[in-house]
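Numbers restart at 1 for each chain; the letters A, B, ... are given by sequence-line order, proteins then strands.
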Amino acid sequence: MARTIVTSALLYANGPLHFGHIAGAYLPADVYVRTLRMCGDEVLAVSGSDDHGVAITISAEKAGEDYPSYVARWNGNMRATFDALDIRYDIVSGTSTCPEHPELSREFFSKLMANGYLVERQTKQLFCVHDDMFLADRYVEGTCYKCGSEGARGDECPSCGTWIDPLQFEDPRCKICGSTPEERTTTHWYLDLPKLRDDKIGGWIRDHEWKTNVEKFIENLLDDVPERAITRDMSWGVSLPPEVGDAGEGKVLYVWFDAPIGYISFTKELMRERGTPDAWKDWWQGEDTQLVHFIGKDNIPFHCLVFPSMLHGVQDGYVLPSAVPANEFYNLKGGKFSTSGGNAFDVVKFVEEWGVDATRFYLCSTMPETADSEFSLEQLIQTTNTALAGTIGNLATRVLKFIAKNFDAVVPELQESHREEMDRLILEECGPIEDPAAHVREFRFRRAAEAVVANATVANVFVDRMAPWALRKEDPAKAASALNTLCEWLNWQARWMAPLMPTKAQQLWEMLGHSGQVSDEPWPGTPDAGSWRSLTAGAALGNPEALFPRLTDPASQT
RNA sequence: GGCGAGGUAGCUCAGUCGGUUAGAGCACUGGCUUCAUAAGCCAGGGGUCGCGGGUUCAAGUCCCGCCCUCGCUACCA
C-alpha cells in the first residue's frame, strides 16, 4: 500500500495566516490528503508552527508578552484558521511545545557533527549591552559608509543599495533600543553544505524530478552553495548538545535548522500519543514512504537543498522528499498579502461570510501553481454563482426536485432496455469526463477544480437532451430511467467534490438519501459503462435544497 | 545593484519536445429550453502572445538588447 507523509510549511508564529499561506501550502495539502485517503492510500498529515528566532522575541517584547504565550497565540490563530477552512492534519504542533523536538534537533546536530558536516568558526559581531544580545545585521543601523546617507540597515543601504558590513559602521546603533553596540567575538557552527552536496546529495538533487518552477530555482543554487551558520546567540530556541562544550553556552540552534526537523518530531509526538512510540520510523525511515512537502516558493532552498542535505547527512536512513509542489505567490490587488501592510483580511470572518466550500473552491481554482496569481472577492462571487450555484448546485436541485414532485422522492427505476442507451449518452456523448484525482496527484489543483465542474456540465447536457419534463408525458418509464441515471451521476458528483468541498459534498450525499460520511466512500475515478451504477430503485432520497446559495457582491449594490 | 518570477482576449489564467486557423473560464451578443437557485443547453464576436532585433522551412515557445510589474536580497523567516 502506498504510504505518504504530507507536510505543510511550518508557519512562523509571528502573525496570522492569510490567503497567501493558505493557497500556497495548506489548502493544497488538505485536498491532496483527502484525495489520497479516498483512493485508499495511507497518509500522514503533519504541520505546526515554527516558534523560535529573533523576530519573535522582539515582537513578543513589543507586545509585552512572554515568548511562550506570544507563540501560543499565533499557534492558536493557525488552528482556528484551519478549523474554519476544514483543513485537517493528524497533528498540528509547534517547535517550542513539542516535547520530542529539542532532543531530536540536538540529535541531528550531534550526528551531523560526528559525520563531519559541521564547521566551527569564530566571528566578530555587534553586541548590544542594553538588550543583552548579539544583533542580527538587520537590527543594526548607521550611516552608510559609501553614500553617507543615514539610516542604512546593517544588511543593505536603502539609498545606494550597497551591501553593508555592520562592523564598518562608524556610528552603529541598535535598532531596538538605539544605544551603541560593541564588537564581540562569538563562535558559531556552520552546516557544510558544499561538502554535503559533493557527498552524493548534490547528484540526487540534480537528478531529482522537481516541479518546473522548483527546478529553475535549484539549478543556480547548487553551483554556489555556501556554508550556512546554524547557531545563534540568544536564549529563545533549542540549546546546543553538551559535546560542543562551553562554547555552546548562551547559544541556540538557528530556527531554519530546527524548524524542518519539526516535521519529524511532531510525528514522534503523535505516535507516542497514539501509544506506538516507534511507529514514526515506519514513516520517516520506511523504504516505501513518499515524502511530500507543500510550501511556498520562498521555502524552496530549505526544502529542496538544506533539509535533504540534513536528512542525508545524519545517515540514519531518512527518506528524502519525493515531491516538493511549491506554489508561487498569491496576490491581492496586485501586491502580496501582508498583514503588517494591511493588505489582508481576517480569514475566519471571511469564511463565515462567504462560505467554507466556496472559499476552498475559489482558492483551488486560482491557486498560484505555475506563476503568481491574483485573488479577488468579485471573482470569488462570480465563480461561486456560475460554477457552484449554477452548474453543480442547480444540477442537484433540478434533478432531485423533479423527482420529489413526480417520482415520490425515491430513486426512479431503470428499465433494463434503456440501460445501454442511457450509458452511451451520458458516458460518451455529453462531453468529456475527467478524474479530478488524476489532476490532484499531479498537483494540478486548478484543473481538478475545473474537472469537478466539467463533470457536472456533462449531466446538465444529459438533462437537456432527455428533457424529462416532456418525456414524462410521452414515455414515463424512459423518463424514470433517465432520472435514475442522473441519481447515479449525483452520487459520483458528491464523491468527486469531497476532497475539494467536504461540507457541500456531505450535504449532497445526504440529499441523496445516504447516512454515512461521503469521505469514507472509496474514490470513484471515472465511470465505466459496465460497472458504474450502484443504486437500488425505490430507495428514499433526502430533502432537496439549494446547495450553494447565490452570493451578492456588496460593491455592485446601489 | 544582484538574484528570481512574470508581462498572452475586457478580467483571471492555460499553452507539454519550437510545428496546422493561439486555448479555457468569466464577462459580452444571439438562439433554444422552462425541470431547476433569473438556473440549463447551443452558437458567436473579441488577441500584431510587452517592444526591437536574431536563429530557423517554421517562434507565444530558443538567443541578444530594451521597457514595465512583482518578490527576495541570506546571521528576518
**OP:** Can you tell me, in whole Å, how much space there is between the P of B:rC17 and that of B:rA5?
**Re:** 16 Å
Subject >> Salt bridge A:Lys297-A:Asp372, side-chain N to carboxylate O under 4.0 Å >> reply: yes
**OP:** For B:rG44 versus B:rA9, give the span between their C1' atoms, rounded off to a whole number of Å.
**Re:** 14 Å
Original post:
CE of A:Met466 versus C1' of B:rC35: gap in Å, rounded?
Top reply: 13 Å
Original post:
When rounded to the nearest Å, what value does the distance between C1' atoms of B:rA27 and B:rC72 take?
Top reply: 36 Å
Original post:
Hey, are A:Asp258 and A:Ser105 close enough side-chain-wise for a donor-acceptor pair under 3.5 Å?
Top reply: no
Original post:
What do you reckon, is CD of A:Glu183 surrounded by more than 12 foreign heavy atoms closer than 6.0 Å?
Top reply: yes
**OP:** Take A:Trp469 and A:Phe402 through the ring-ring contact (aromatic ring centres under 6.0 Å, His included) test and state the conclusion after the steps.
**Re:** CA-CA 8 Å; A:Trp469 50 90; A:Phe402 191 83; 7.2 Å; no
Subject >> Test applied, side-chain hydrogen bond (donor to acceptor under 3.5 Å, both in side chains); reference residue, A:His439; option that passes from A:Glu434, A:Arg447, A:Glu450, A:Arg446 >> reply: A:Glu434
**OP:** For B:rA74, take OP1 and OP2 only and decide whether either is under 4.0 Å from a side-chain N or O of A:Tyr254.
**Re:** no
**OP:** Would you please name every residue forming a salt bridge (charged side-chain N to carboxylate O under 4.0 Å, His left out) with A:Asp233, sequence neighbours left out?
**Re:** A:Lys251
Original post:
Can you tell me how far C1' in B:rA22 sits from the matching atom in B:rU69, rounded to whole Å?
Top reply: 24 Å
Subject >> Pairwise distance SG(A:Cys128) to CG(A:Leu135) - rounded to 0.5 angstrom >> reply: 5.5 Å
Subject >> Rounded P spacing from B:rC66 to B:rG1 in Å >> reply: 11 Å
Original post:
Among all residues two or more places apart in sequence or in another chain, which pass the side chain to side chain donor-acceptor pair (under 3.5 Å) test with A:Glu353?
Top reply: none
Subject >> d(CZ, A:Arg228; P, B:rA74) in whole Å >> reply: 10 Å
So which protein N/O to nucleotides 39-47 of chain B N/O distances come out below 3.5 Å?
unit_1 : atom_1 : unit_2   : atom_2 : d
B:rA39 : OP1    : A:Arg550 : NE     : 3.2
B:rA39 : OP1    : A:Arg550 : NH1    : 3.1
B:rA39 : OP1    : A:Arg550 : NH2    : 2.8
B:rA39 : O5'    : A:Arg550 : NH1    : 3.2
B:rA39 : O2'    : A:Gly390 : O      : 3.1
B:rA39 : O2'    : A:Asn394 : OD1    : 3.3
B:rA39 : O2'    : A:Asn394 : ND2    : 2.5
B:rG40 : O2'    : A:Arg398 : NH1    : 2.9
B:rG40 : O2'    : A:Asp464 : OD1    : 3.1
B:rG40 : N2     : A:Asp464 : OD2    : 3.4
B:rC41 : O4'    : A:Asp464 : OD2    : 3.0

Original post:
Looking at A:Ser8 and A:Ala25, what are the two nearest heavy atoms and their distance?
Top reply: OG-O, 3.1 Å
Original post:
Without hydrogens or angle criteria, can the side chains of A:Tyr67 and A:Glu61 be said to hold a donor-acceptor pair below 3.5 Å?
Top reply: yes
Original post:
Reckon A:Asp50 touches a base, only the sugar-phosphate, or nothing at all at heavy-atom distances under 4.0 Å?
Top reply: sugar-phosphate
Original post:
Taking a pair as Watson-Crick (N1 to N3 plus N6-O4 or O6-N4) or G-U wobble (N1-O2 and O6-N3), both under 3.5 Å, which stems of 3 or more consecutive pairs involve RNA chain B?
Top reply: B:1-7 with B:67-73, B:10-13 with B:23-26, B:28-32 with B:40-44, B:50-54 with B:62-66
Original post:
Rounded to whole angstrom units, what separation is found between the CD atom of A:Glu374 and the C1' atom of B:rU69?
Top reply: 12 Å
Original post:
Quick one: A:Tyr12 OH to B:rC72 P, roughly how many Å, whole number?
Top reply: 16 Å
**OP:** Mind checking A:Arg472 for me? I need base, sugar-phosphate or nothing, with any heavy atom below 4.0 Å counting as a touch.
**Re:** nothing
Original post:
Across the strands shown, which category fits A:Phe134 at heavy-atom distances under 4.0 angstrom: base, sugar-phosphate, nothing?
Top reply: nothing
Subject >> Interatomic distance, A:His52 atom NE2 to A:Tyr254 atom OH [nearest 0.5 angstrom] >> reply: 14.0 Å
**OP:** Run through A:Trp354, A:Tyr362, A:Phe350, A:Tyr26 and flag the one making a ring pair (Phe, Tyr, Trp, His ring centres under 6.0 Å) with A:Phe19.
**Re:** A:Phe350
Original post:
A:Tyr263 and A:His293: aromatic ring centres closer than 6.0 Å?
Top reply: yes
**OP:** With the side chain counted from C-beta on, respond yes when A:Phe462 and A:Met422 share a heavy-atom pair under 4.5 Å apart, and no when they do not.
**Re:** yes
Original post:
So with a 6.0 Å cut-off around CD of A:Glu227, is the heavy-atom count from everything else above 12?
Top reply: yes
Original post:
Can you check the A:Asn331 CG to B:rC72 P distance for me, whole Å?
Top reply: 11 Å
Original post:
Taking the C1' atom of each, how far is B:rA14 from B:rC49, in whole Å?
Top reply: 13 Å
Subject >> Integer-rounded Å distance: B:rU37 P and A:Leu400 CG >> reply: 12 Å
**OP:** Sticking with atom P, work out how far B:rC35 lies from B:rG45, rounded to a whole angstrom.
**Re:** 32 Å
Original post:
Could you give the NZ-to-P distance, from A:Lys251 to B:rC75, as a whole number of Å?
Top reply: 16 Å
Subject >> Of A:Thr366 and A:Lys405, the one whose closest RNA chain B nucleotide lies more 5' >> reply: A:Thr366
**OP:** Indicate, with a heavy-atom threshold strictly under 4.0 Å, whether A:Ile58 touches base, sugar-phosphate, or nothing.
**Re:** nothing
Original post:
Which of the following nucleotides, B:rU12, B:rA74, B:rU37, is nearest to the side chain of A:Pro226?
Top reply: B:rA74
Subject >> Under-4.0 Å side-chain N/O to phosphate OP1/OP2 contact, A:Arg465 with B:rC32 >> reply: no
Can you name the atoms? Protein N/O to nucleotides 28-30 of chain B N/O, anything below 3.5 Å, with the distance.
none

Original post:
For A:Phe443, is the NZ or CZ atom of A:Lys211 found under 6.0 angstrom from the centre of its six-membered ring and inside 45 degrees of the ring axis?
Top reply: no
If you restrict it to nitrogen or oxygen atoms, what contacts under 3.5 Å exist between nucleotides 5-11 of chain B and the protein, and what is each distance?
unit_1 : atom_1 : unit_2   : atom_2 : d
B:rC11 : O2'    : A:Gln379 : NE2    : 3.1

**OP:** Could you check A:Thr397 against A:Tyr362 and say which one's nearest nucleotide on RNA chain B is further toward the 5' end?
**Re:** A:Tyr362
**OP:** Using the P atom as the reference point in each nucleotide, state the distance between B:rG10 and B:rG47 in Å, no decimals.
**Re:** 8 Å
Original post:
Contact class for A:Arg121 (heavy atom, under 4.0 Å): base, sugar-phosphate, or nothing?
Top reply: nothing
Subject >> Centroid under 5.5 Å and tilt under 30°, A:Trp469 to B:rC35 >> reply: yes
Subject >> Whole-Å gap separating P (B:rG4) and CD1 (A:Ile295) >> reply: 18 Å
